[in-house]
Participant: 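First the structure, then my questions, so here it is.
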Amino acid sequence: MAGSLLQKQRMQYKPQVPVWLSEDVCFETVGGSQAPENLRPLFPHTFETPVYRLRKGRGAARKVTIGVVFSGGQAAGGHNVIAGLFDSGAQLIGFLGGPQGIIDNQTKALLQIDAYRNQGGFDLLGSGRTKIETQEQLAASLKACTAHRLDGLVIIGGDDSNTNAALLAEYFLQHGCKTVVVGVPKTIDGDLRSSDIEISFGFDSACKTYSEIIGNIARDALSAKKYYHFIKLMGRSASHIALECALQTQPNLTLIGEERRPLKEIVRQIAELITRRAELGKNYGVVLIPEGLIEFVPELTDLPHEKDPHGNIEVSKIQTEKLIIDLVKKELGGRKWNALDHFLGYEGRSCLPTNFDANYCYALGKLAFFAVRESLTGVICSIQHLKESPQKWQFKMIPIVQLMHLEWRLGKEKPVIRKTLVDLKGSAYLKFSSQRKSWELEDLYQMPGPIQFFGDPALTDSVPISLM
Ligand code: FBP
């Protein structure tokens, strides 16, 4: 078996899921869809899909063949979704390179997945960002699923990928295709959320990886006492990652895009922070900047930006941290101070998943299997009570169309899943805003250290602070 000692040890980890998941289970309907009425004409076959709850009981006794695909950016734990499907007894066919692999019918049979258990990344299959929307793409996808006689297609993805899932489910029903389509909520961004989806997988591992590095940088700042570190954090649009990392590490200043503050005000605030800290003899500090800030600051939104196939601004390519440093330098005129910029992004998407993500993903894989076995389509997996131990988790399938609305993308109005932004009245933000003032001048940095896999469960099984 290839891999480092830790990789190999992690392969042996047995994800924790409720004991009753290995018994006979079935779904019951627990409520109608809350989908917006203006989507009814676009989703005539899936609009009325209800919400289902998984419970003990006799389910369908049949063997199923499932196609599985990773879609969009990597997020730690994805391989465990596949492990959950695999261990449930599905015959698995992986589509290669993301949604384009479905269209082009590029596949591999998944007969052995042990080397990928509890491992980061999506390298078992690769991933991609193709938007499936044209008649040709939809027809090619149907052809591939039919050719493999798939009972189900499981799409492991974020908001845009699950939009693909909703469109495919509708199209397949319209064309009499028996393949059901099931989504799994993935994305480090943490913006695929609803009252039923508490968090997407990958968020916890990414935030813990970034928080380790931020904590290390803070301690370096505290030791050398000569640099301001401006750290841009990945997380398109929403600032969930910046908020979680702020709660984990308590930096001097964290910008939150959703506060929608003018650029001038942000620059002035940072300049004042630097001046006030200098008066205390502190010429160092840590500032967190969410990459999605660009989408909320009026002076920055209007600039021309590159967009991905789904119409999202490619914010990772924009060096907001450098821009802000330059503007603060201008604001401070001749004052001497030193700034360093960092971008934490890709290093958090493919790390070894935390126990939380390893357990969550394995359970999501099992849930997706049951959904296919029971022929549910156009639905996304939801596991609730995630801050409790896995034995207390509850499982549902939510109609994807319920999460959607019409939005302008690339010059057209399109049905897409609404990204969930940081709630400025939510408990995570309120906790942050009640403490952040004290972090400005006092150095109350926290150093969370690396993700822990062995030892005290308080360390190994901790959940995101945003969930508490
Ligand atoms: P998903 O929404 O597909 O999970 O991807 C999110 C993300 O990691 C963002 O945080 C980031 O802005 C973007 O992907 C980077 O995209 P790419 O991997 O194409 O460079």
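Indexing begins at 1, ligand by ligand and atom by atom, following the structure's order.
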Participant: A cation-pi test, strictly: NZ or CZ of Lys186 under 6.0 Å from the centre of the six-membered ring of Phe201 and no more than 45 degrees from its axis. Yes or no?
Facilitator: no
Participant: Which of the atoms of ligand 1 are close to Tyr346, meaning less than 4.0 Å from one of its heavy atoms?
Facilitator: 15 (C), 17 (P), 18 (O), 20 (O)
Participant: Taking the six-membered ring of Phe203, is NZ or CZ of Arg193 closer than 6.0 Å to its centre and within 45° of its axis?
Facilitator: yes
Participant: Which option, Arg349, Lys419, Glu291, owns the non-hydrogen atom nearest atom 12 (O) of ligand 1?
Facilitator: Glu291
Participant: Going by the atom numbers of ligand 1, which of them fall below 4.0 Å from some non-hydrogen atom of Gly235?
Facilitator: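 Within the 4.0 Å cut-off of Gly235, ligand 1 contributes 10 (O).
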Participant: Excluding sequence neighbours, so at least two apart, what forms ring pair (Phe, Tyr, Trp, His ring centres under 6.0 Å) with Phe70?
Facilitator: His79, Phe122
Participant: Can you see whether Phe370 has Arg373 sitting over its ring - NZ or CZ less than 6.0 Å from the centre and within 45° of the normal?
Facilitator: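 No, Arg373 and Phe370 do not form such a contact.
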Participant: Would you list the pairs meeting salt bridge (charged side-chain N to carboxylate O under 4.0 Å, His left out) in which at least one residue belongs to residues 415-432, sequence neighbours left out?
Facilitator: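 Sorted pair list: Asp159-Lys419.
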Participant: Would you please determine whether Gly73 falls within less than 4.0 Å of ligand 1 on a heavy-atom basis?
Facilitator: yes
Participant: Check each atom of ligand 1 against the heavy atoms of Gly72 and keep those under 4.0 Å away; list them by number with element.
Facilitator: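 Listed by number with element, the hits are 3 (O).
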Participant: From atom 13 (C) of ligand 1, work out which of Lys186, Arg129, Gln74 has a heavy atom at the shortest distance.
Facilitator: Arg129
Participant: May I ask whether Ala75 places a heavy atom under 4.0 Å from ligand 1?
Facilitator: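 No, that is not the case, since the closest heavy atom of the residue is not under 4.0 Å from the ligand.
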Participant: Return the orientation label for the Phe343 and Tyr346 ring planes: parallel under 30°, perpendicular over 60°, tilted otherwise.
Facilitator: perpendicular
Participant: How does Thr187 reach ligand 1, by side chain, by backbone, by both or by neither, if only non-hydrogen atoms under 4.0 Å count?
Facilitator: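 Both backbone and side chain of Thr187 come within 4.0 Å of ligand 1.
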